[in-house]
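Along the sequence shown, residues carry numbers from 1. Computation of the quantities below employed the complete heavy-atom set of this structure, encompassing side-chain atoms and omitting hydrogens, waters and symmetry-equivalent molecules. Quick caveat, the model's predicted, so the values are computed rather than measured.
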Amino acid sequence: MSSSPVVRPSRTLFLSIFSVVVFAGITGCGVGTKAAPDPVSLTLNGSVHGGQQAVVGATVQLYAVGETGNGSAATALMATPVISVANGAFSITNDYMCPSATTQVYIVATGGNPGLGTGVNNAALAMVAALGNCGDLSSSEYITINEVTTVAAAWTLAPFIASYDSIGASATNGLGLANAFLNANLIVDTTTGTTATLPSNLTTEMGKIDALADAMASCVNSNGGSACSPLFTAATPHGGSAPTNTFDAVVNVVKNPGNNVSGVFAAAGPEPPFPTSLTQAPNDWTLSLTVTGGGINEPTQLGVDGQGNVWADDYVNAAGTSGLLSAFSPQGTPLSSTGYGSGLLSESYGLAVDPSGNVWVSILELPRHDSTSGSIVQFLGASSGADMGTWTLFSDDTIDYPIGLGADSNGNILVANNGNSSVTVVNPTANTSTVFENGTEFDGPVAVAPAPPFAPDTHDGIWAADKVDISATHIDSSGNLIATVDCCAAVDALAMDSAGNAWLAVYDDSTGQTGDPEDGSVAEIAPDGSVTQDFLTAGGIQNPSGIAVDAAQNVWVTNYLSPVGVTYQSFSELAGSTSPTPGAAISPSTGYGLDADLIEPFGLAIDASGNIWISNNGKNDLVMFFGLAAPTATPRTVTPVAP
């Protein structure tokens, strides 16, 4: 192998710009749209119920979220809480002031008598309803606080929860927290306390929602004694303390969705108040939202922009004649009913969102069949100030069968050229490109990412993952070779962590080395190219095709195939490099998501609310899992950081 790469001179690109008709209305992109004076004061009415039983004597408090970090202390908005009376009713009459119209608020009920004998108080009762923008509250709105509202809040707000009086985010992640509150409305209708009615393009696991509410109800509808033991025991995390109230219990369950799943399910009483469709315990307590529409068909890679919108490139359209770029709001509403790039895109595997929020997609073979053998396309994003979806074609003879894309902090686009075993760096502002050819060091690259400046690379460089003989290659910003890695055969994807390590999704690890599994694995490579972890297969890893690292540095992997005899596929979670046990499995041995009908899950992305989005290639949809990951800044930065 040559240790000195060949760098072609910069060259001017051929550009052509086309405007396309776009869907102008963007809905559900974050905070509410109602204008409201600041501060706001009004009357709120509602009730507290445990299952179908009114809770009398519950203490009801309205909270504004904390703003000093995830799980930061919330602010009680009422100097004196109100107490629920007959039929569980409560009324808050001009007893609070909104800090601002867009402050996120939630309501908590603790204690009270859930329809038992005189003098009973269930000290273990704690239930929550996520309400959203303070300025959107209305005197005509009725608020129900029960088990279903509580599990909805737990699933969507999990990354932001320390306890019922400590729900918050950093001041710089107000949008991620606001979107998490909006997501609670996808699970429950807080006016009725029942599962939400969703638009036709969205579905969720309603049976799982009711089942967890039933498990919680067994403790809520008691005096807080022995009836709570089954739930509290099942909800105790490994090495952790048992919860002491019902809200902490369900938060433990959703934060540790693979822990004692059957025990949680069995905690429901013999006559559960929320009839569930589940006849046995689920595979885990993750909760998914399946998203269709927007022209999506055979989705591959995903990206999230700064507003939380999710972008997916589609390998082909439904007619099989070309590809598409599909886009959705953070709550799954299509930003265009038909998608973008019809007649242009085709065979697209790569997608990157640049720091300005514009979306870049690769085309393996240019549809016009001219002298070039591939191209990349820029689509203007939601923050561009122009017609969203307007596109610009970038093409020159260095771009050859491009598969993977990456964006660096300067807005340059990195292109993995599988056809000529090179990496092209496109500077859209200067309208130039530079190609790095490393002889045999690049060997059919399929994924590329900017390398952070960790020794021995003192300036931003490039990591590329290869599909053929070389697993990965690291060069510096001048194209000098730092390392080549030959550990793992066919790599499908790579992701960087905060220490500059590259994590590889090894789709097929049949290298012939002792102990290597043909069903794929995950590897961790240090900046200098040394292999720190390889052949990681625990946690359900099976032919992984996508990989991402969240702001807590945990590693998430999509499992494109499944073991023999298993119908659906899954995704996995591994401890990252900052853990005492890097590479250790966090997900169960079968992975997460077996209840979500994942078929050939391809790519994944993590948003600022901690949701995990997966392109479900085999079912032509996207699947979002509520609140599983650490909230992570979007667009994706060179290394994963908190928003």
Side-chain angles (χ1 to χ4, degrees), residues 23 26-29 155-156 179-180 182-183 186-187 198-205 286-305 307-318 323-341 345 348-353 359 361 379 381-382 493 545-548 556-560 568-571 592-629 632 634-636:
F23 177 68
I26 303 175
T27 60
C29 292
W155 261 306
T156 58
N179 277 324
L182 287 172
N183 286 344
L186 301 174
I187 299 175
L198 294 174
S200 59
N201 75 307
L202 303 178
T203 55
T204 189
E205 300 173 64
T286 62
L287 185 68
S288 65
L289 179 78
T290 298
V291 180
T292 60
I296 197 164
N297 192 74
E298 295 188 28
T300 54
Q301 292 297 345
L302 300 177
V304 183
D305 65 23
Q307 296 184 17
N309 301 311
V310 180
W311 300 79
D313 56 0
D314 302 316
Y315 185 73
V316 294
N317 63 13
L324 285 173
L325 174 65
S326 300
F328 301 87
S329 79
Q331 284 70 51
T333 302
L335 303 189
S336 165
S337 61
T338 57
Y340 307 107
L345 298 181
S348 297
Y349 281 114
L351 183 148
V353 183
V359 183
V361 179
F379 291 85
S545 62
I547 193 165
W556 300 85
V557 179
T558 51
N559 300 307
Y560 189 75
Y568 297 118
Q569 282 80 62
S570 66
F571 64 104
Y592 291 138
L594 287 175
D595 303 314
D597 293 354
L598 294 176
I599 301 292
E600 298 176 350
F602 193 91
L604 77 162
I606 301 164
D607 66 22
S609 302
N611 305 310
I612 293 178
W613 292 83
I614 292 176
S615 56
N616 204 15
N617 183 270
K619 287 201 69 177
N620 301 329
D621 55 38
L622 302 184
V623 182
M624 182 261 275
F625 291 86
F626 293 99
L628 267 182
T632 303
T634 60
R636 184 173 60 187

J.: Once side-chain contact (heavy atoms from CB on, under 4.5 Å) is applied, do any residues pair with T634, and if so which ones, sequence neighbours excluded?
T.: V304

J.: Holding to side-chain hydrogen bond (donor to acceptor under 3.5 Å, both in side chains), I want the full list of residues that pass it with W155, two or more places apart in sequence or in another chain.
T.: none

J.: Taking atom types as modelled, is there a side-chain donor on D595 or S288 under 3.5 Å from an acceptor on the other?
T.: no

J.: Assess whether side-chain contact (heavy atoms from CB on, under 4.5 Å) is satisfied between N183 and M624, documenting all intermediate values.
T.: CA-CA 11 Å; N183 286 344; M624 182 261 275; 4.0 Å; yes

J.: Would you name the heavy atoms of E600 and Q569 that are closest together and state the gap between them?
T.: N-OE1, 2.7 Å

J.: For the residue pair S326 and G295, what are the closest heavy atoms and their distance?
T.: OG-C, 3.7 Å

J.: Is there a side-chain contact between L202 and L289 (heavy atoms, below 4.5 Å)?
T.: yes

J.: Identify, with sequence neighbours excluded, every residue that meets side-chain contact (heavy atoms from CB on, under 4.5 Å) alongside E298.
T.: Y315, V316, N617, N620

J.: Going by heavy atoms in the side chains, are L335 and Y340 under 4.5 Å from each other?
T.: yes

J.: Taking the side chain as every heavy atom from C-beta outward, state whether L345 and L325 have any pair of such atoms under 4.5 Å apart.
T.: yes

J.: Please confirm whether the backbone N or O of Q301 pairs with a side-chain atom of S615, one donor and one acceptor, at under 3.5 Å?
T.: no

J.: Roughly how far, to the nearest 0.5 Å, is the CG atom of L302 from the CZ atom of R636?
T.: 10.0 Å

J.: Do the side chains of F328 and P334 get nearer than 4.5 Å, heavy atoms only?
T.: yes

J.: Can you list the residues that meet the side-chain contact (heavy atoms from CB on, under 4.5 Å) rule with T292, with sequence neighbours excluded?
T.: N201, D621

J.: Indicate yes or no: at least one non-hydrogen side-chain atom of T290 is less than 4.5 angstrom from one of D597.
T.: no

J.: Decide side-chain contact (heavy atoms from CB on, under 4.5 Å) for D314 and S348; before the verdict, give the C-alpha distance in whole Å, the side-chain angles of both, and the deciding distance to 0.1 Å.
T.: CA-CA 6 Å; D314 302 316; S348 297; over 6 Å; no

J.: Which residue pairs pass the ring-ring contact (aromatic ring centres under 6.0 Å, His included) test with at least one member in residues 597-628, sequence neighbours excluded?
T.: Y349-F602, F571-F625

J.: Would you say that L604 contacts I612 through its side chain, given a criterion of any heavy-atom pair below 4.5 Å between the two side chains?
T.: yes

J.: Would you please test V310 and L622 for side-chain contact (heavy atoms from CB on, under 4.5 Å) and show each step?
T.: CA-CA 10 Å; V310 180; L622 302 184; 4.1 Å; yes

J.: To check you understand the geometry: which heavy-atom pair defines the closest contact between Y560 and P601, and what is its length?
T.: CD1-O, 3.5 Å

J.: List the steps and the verdict of side-chain contact (heavy atoms from CB on, under 4.5 Å) for D305 and V359.
T.: CA-CA 8 Å; D305 65 23; V359 183; 5.9 Å; no

J.: Considering all heavy atoms of both residues, which atom of N179 and which atom of S609 are nearest to each other, and what is their separation?
T.: CB-OG, 3.5 Å

J.: Measure across L324 and G339 and return the closest heavy-atom pair with its distance rounded to 0.1 Å.
T.: CD2-C, 4.4 Å

J.: Looking at every heavy atom in both A382 and Q307, which two are closest together, and how far apart are they?
T.: O-NE2, 3.8 Å

J.: For a 4.5 angstrom cut-off between non-hydrogen side-chain atoms, does N309 reach P330?
T.: yes

J.: Under the rule for side-chain contact (heavy atoms from CB on, under 4.5 Å), what residues qualify as partners of A493, not counting sequence neighbours?
T.: A505, I547

J.: Taking the side chain as C-beta and beyond, is there a heavy-atom pair between I599 and Y568 under 4.5 Å?
T.: yes

